[in-house]
Amino acid sequence: MNPLALTIFLLSLAIGTTITLSSYHWLLAWVGLEINTLAIIPLMTKIPHPRAIEAATKYFLTQAAASALVLFSSLINAWQTGEWNIDSISHLPMNALSIALMMKLGLAPLHFWMPEVLQGISLSTGLILSTWQKIAPMTLLLQTSHLINLDLTIILGLTSILVGGWGGIGQTQLRKIMAFSSIGHLGWMIVVLKFNPSLTLFNFIFYVIMTASMFFSLMTISATKMSEISTSWSKTPTLTTSTLLILLSLAGLPPLTGFAPKLLISLELVKQNATLLAALIMLASLLALFFYLRLTYVVSLTLPPNSPNSLSSWRTSTKTLPITAIVNTLALILLPITPTLLIFL
């Protein structure tokens with residue numbers, strides 16, 4: 001892609017998210033979401049492959065439907081209350097708006113576009129879709145968390161955790177596995193959204209760090225299938241070890257970074273007398289733990305026959321190595337400074 005065009009699209013992504021983050025008016029928030037959607041579509045189709053075109057079309061249709069519902073909900077609210085402020089929204093438009101924002105995030109049962117779209121695009125665009133594109137709708141949900149329907153968040157959150165686990169079990173494509181991983185993590189965030197929005201923000205920050213580190217690792221070793229990642233141990237042992245630990249961090253195992261959000265959300269639910277809900281989401285997370293552990297097994301404990309030890313034939317991308325090292329470090333050792341981060345949130 002032309003560097004000038006790429007710069008324009010990336011700047012548009014940044015501007016769209018910034019407009020939504022800084023807006024107090026529903027129309028401005030909607031404009032920011034639209035700029036975000038339109039800016040990523042050329043990045044999806046930069047490789048002119050039928051799968052990429054199909055992915056971009058599916059993404060555009062779902063995001064356009066969700067954006068139309070956001071605009072429709074805010075119009076009904078302006079008609080009922082006479083206000084466009086994000087804080088002042090009545091009951092009926094709020095439910096429709098929450099569903100629209102959750103559709104933009106890819107929460108179950110509105111998740112069907114997410115694995116298909118992620119599978120059809122490159123790893124670099126998948127990284128943007130899984131992290132940056134989630135910021136604007138998640139911010140709007142956080143801003144309206146005091147008005148959101150509790151039953152809706154619990155049902156969609158629990159469904160997302162179950163779907164994220166079940167969907168990922170049978171997958172061999174790493175991008176689809178990351179899509180179902182994203183659905184499961186977003187489920188954890190939405191479950192606790194009404195009880196403690198700060199914890200949702202905390203979980204979201206950690207999710208972005210861990211997902212980014214996983215995508216950067218996959219980009220560095222140029223792996224998109226499970227069979228490709230299984231041959232990486234004999235070629236790049238150091239990077240493979242960090243990838244293995246990131247998978248365990250995404251699974252939420254101590255003493256890695258991903259353990260902190262799950263622990264704090266479970267404690268918050270128990271404190272709010274929702275012990276049964278905490279037990280259910282922890283049991284549902286065992287499904288996701290299974291496919292994370294299966295991936296770590298494939299990465300570390302299987303060795304392909306006749307694999308050469310030389311590095312010459314291995315396709316490693318040196319361009320992403322420095323940022324991969326930084327993000328991987330963050331994805332593994334943030335647990336000790338969790339109390340400090342919570343003070344700021």
Side-chain angles (χ1 to χ4, degrees), residues 8-41 59-107 109-111 113-114 128-129 131-157 160 186 189-205 207-208 344-345:
I8 290 168
F9 295 139
L10 290 175
L11 273 175
S12 301
L13 277 173
I15 290 164
T17 304
T18 308
I19 288 171
T20 304
L21 260 64
S22 57
S23 62
Y24 61 91
H25 193 287
W26 275 118
L27 205 57
L28 271 176
W30 173 79
V31 166
L33 290 171
E34 283 298 290
I35 293 170
N36 248 4
T37 302
L38 294 173
I40 199 173
I41 287 171
Y59 181 76
F60 174 74
L61 290 173
T62 50
Q63 297 296 308
S67 291
L69 195 50
V70 167
L71 188 60
F72 182 60
S73 307
S74 52
L75 277 169
I76 290 175
N77 181 63
W79 178 44
Q80 286 182 346
T81 62
E83 291 187 8
W84 283 91
N85 288 350
I86 286 178
D87 288 340
S88 57
I89 188 162
S90 55
H91 179 67
L92 180 65
M94 188 61 221
N95 287 339
L97 189 77
S98 306
I99 290 167
L101 293 173
M102 289 172 187
M103 185 176 175
K104 276 190 166 292
L105 286 168
L107 281 157
L110 307 163
H111 70 285
W113 62 272
M114 180 81 178
I128 297 170
L129 181 64
T131 54
W132 187 263
Q133 291 296 90
K134 309 281 186 200
I135 294 173
M138 182 58 79
T139 306
L140 290 174
L141 276 177
L142 285 166
Q143 284 180 287
T144 55
S145 59
H146 59 290
L147 302 163
I148 207 164
N149 187 341
L150 179 61
D151 295 334
L152 182 70
T153 57
I154 289 173
I155 291 166
L156 264 70
S160 298
L186 287 165
M189 295 175 219
I190 295 302
V191 159
V192 82
L193 178 65
K194 182 78 173 178
F195 298 113
N196 192 337
S198 298
L199 264 186
T200 300
L201 178 59
F202 172 76
N203 195 345
F204 183 68
I205 292 167
Y207 156 78
V208 167
F344 287 111
L345 294 175

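Atom set for the values below is all heavy atoms of this structure, side chains included, hydrogens, waters and symmetry mates excluded.
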TODO: Answer yes or no: is there a side-chain heavy-atom contact under 4.5 Å between Leu150 and Phe195?
DONE: yes
TODO: Decide yes or no for Met102 and Leu186: does some side-chain heavy atom of the first lie under 4.5 Å from some side-chain heavy atom of the second?
DONE: no
- [ ] Check Ser12 against Ile35 and note the closest heavy-atom contact, atom names and distance.
- [x] O-CG2, 3.3 Å
Task: Met189 CE to Leu141 CG distance, which is reported to the nearest 0.5 Å - done: 11.5 Å
Open item on the list: With rounding to the nearest 0.5 angstrom, report the CG to OG1 distance, Leu13 to Thr37.
Closed with: 9.5 Å
- [ ] Using modelled atom types only, decide if a donor and an acceptor are shared between the side chain of Trp113 and the backbone of Met103 within a distance under 3.5 Å.
- [x] yes
- [ ] Check whether any side-chain heavy atom of Thr200 sits under 4.5 Å from a side-chain heavy atom of Met138, and report yes or no.
- [x] yes
- [ ] Would you please test Ile40 and Ile128 for side chain to side chain contact (heavy atoms under 4.5 Å, CB included) and show each step?
- [x] CA-CA 8 Å; Ile40 199 173; Ile128 297 170; 3.8 Å; yes
- [ ] Taking the side chain as every heavy atom from C-beta outward, state whether Ile19 and Ile15 have any atom pair closer than 4.5 Å.
- [x] yes
- [ ] Report the residues that fulfil side chain to side chain donor-acceptor pair (under 3.5 Å) with Ser23, sequence neighbours left out, ordered by chain and then residue number.
- [x] none
- [ ] Could you pull out all residues at least two apart from Trp132 that satisfy side chain to side chain donor-acceptor pair (under 3.5 Å)?
- [x] Thr17
Open item on the list: Which heavy atom of Thr20 sits nearest to which heavy atom of Ala29, and what is that distance?
Closed with: OG1-O, 3.4 Å
Open item on the list: Between Thr139 and Ile135, does the side chain to side chain contact (heavy atoms under 4.5 Å, CB included) criterion hold? Intermediate values first, please.
Closed with: CA-CA 6 Å; Thr139 306; Ile135 294 173; 4.0 Å; yes
Task: Approximate separation, where rounding is to 0.5 Å, of Leu101 CG and Leu142 CG - done: 10.5 Å
Task: Ile190 side, atom CD1; Ile154 side, atom CD1 - distance, nearest 0.5 Å - done: 12.0 Å
Open item on the list: To check you understand the geometry: which heavy-atom pair defines the closest contact between Thr131 and Phe204, and what is its length?
Closed with: O-CZ, 4.3 Å
- [ ] Might you point out which heavy atoms bring Leu21 and Ala136 nearest each other, and give the distance in Å?
- [x] CD1-CA, 4.4 Å
Open item on the list: Would you compute the distance between atom OG1 of Thr81 and atom CD1 of Ile76 and round it to the nearest 0.5 angstrom?
Closed with: 11.5 Å
- [ ] Write down the atom of Trp30, the atom of Ser67, and the distance for their closest heavy-atom approach.
- [x] NE1-O, 3.2 Å
Task: Intermediate values then yes/no, side chain to side chain contact (heavy atoms under 4.5 Å, CB included), Gln133 and Tyr59 - done: CA-CA 12 Å; Gln133 291 296 90; Tyr59 181 76; 2.9 Å; yes
TODO: Using a 4.5 Å cut-off on heavy atoms from C-beta on, say whether the side chain of Ile41 contacts that of Phe9.
DONE: no
Task: Value rounded to 0.5 Å, distance of CG in Asn85 from CD in Gln143 - done: 11.0 Å
Task: Heavy-atom pair with the smallest gap, counting every atom of Trp84 and Leu27 - done: CE3-N, 4.1 Å
Could you list the donor-acceptor pairs under 3.5 angstrom formed by side chains in residues 92-99, with sequence neighbours left out?
unit_1 : atom_1 : unit_2 : atom_2 : d
Ser98  : OG     : Met94  : O      : 2.7

- [ ] Identify which one of Asp151, Asn149, Ile148, Leu147 satisfies the side chain to side chain contact (heavy atoms under 4.5 Å, CB included) criterion when paired with Lys194.
- [x] Ile148
